[in-house]
Undergrad: 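Pasting a structure below so you can have a look.
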Amino acid sequence: MKGYLTTGMLILSNIFMTLAWYGHLKFKELKWFENVGLITIVLISWGLALFEYAFQVPANRIEQKNFGFI
């Protein structure tokens, strides 16, 4: 059961990572983002990356415990 939880959390982490690091390249095409500065774009990307880590770190901790690394 923990394997499914870990896999699901890592998939969610990957989705947020993709949005954060590749999605920001498309921000210029959206009308709302036309007048925002670089700092705003960086903060939005980092905000998305925060959700990535919220899923990735616990998933990695679960797997490490299952394999006896911790």
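Numbers for residues simply follow the sequence, beginning at 1.
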Undergrad: Check the hydrophobic clustering (I, L, V, M, F, W, Y; side-chain heavy atoms under 4.5 Å; chains of links allowed) and say if Leu50 and Trp46 are grouped together.
TA: no
Undergrad: Kindly compute the distance separating CG (Leu38) from CG (Leu43), expressed to the nearest 0.5 Å.
TA: 9.5 Å
Undergrad: Hey, quick one: are Tyr4 and Ile62 part of the same hydrophobic cluster, counting side-chain heavy atoms closer than 4.5 Å, chains of contacts allowed?
TA: no
Undergrad: Could you list the residues that satisfy ring-ring contact (aromatic ring centres under 6.0 Å, His included) with Phe55, not counting sequence neighbours?
TA: Phe16
Undergrad: Do any N or O atoms from the side chain of Thr18 and from the backbone of Asn14 form a donor-acceptor pair under 3.5 angstrom?
TA: yes
Undergrad: For Tyr53, what residues pass the ring-ring contact (aromatic ring centres under 6.0 Å, His included) criterion, not counting sequence neighbours?
TA: none
Undergrad: Tell me whether Leu12 shares a hydrophobic cluster with Phe51, the cluster being built from Ile, Leu, Val, Met, Phe, Trp, Tyr side chains joined at under 4.5 Å.
TA: yes
Undergrad: For Thr6 versus Ala59, what's the shortest heavy-atom pair and its separation?
TA: CG2-O, 3.5 Å
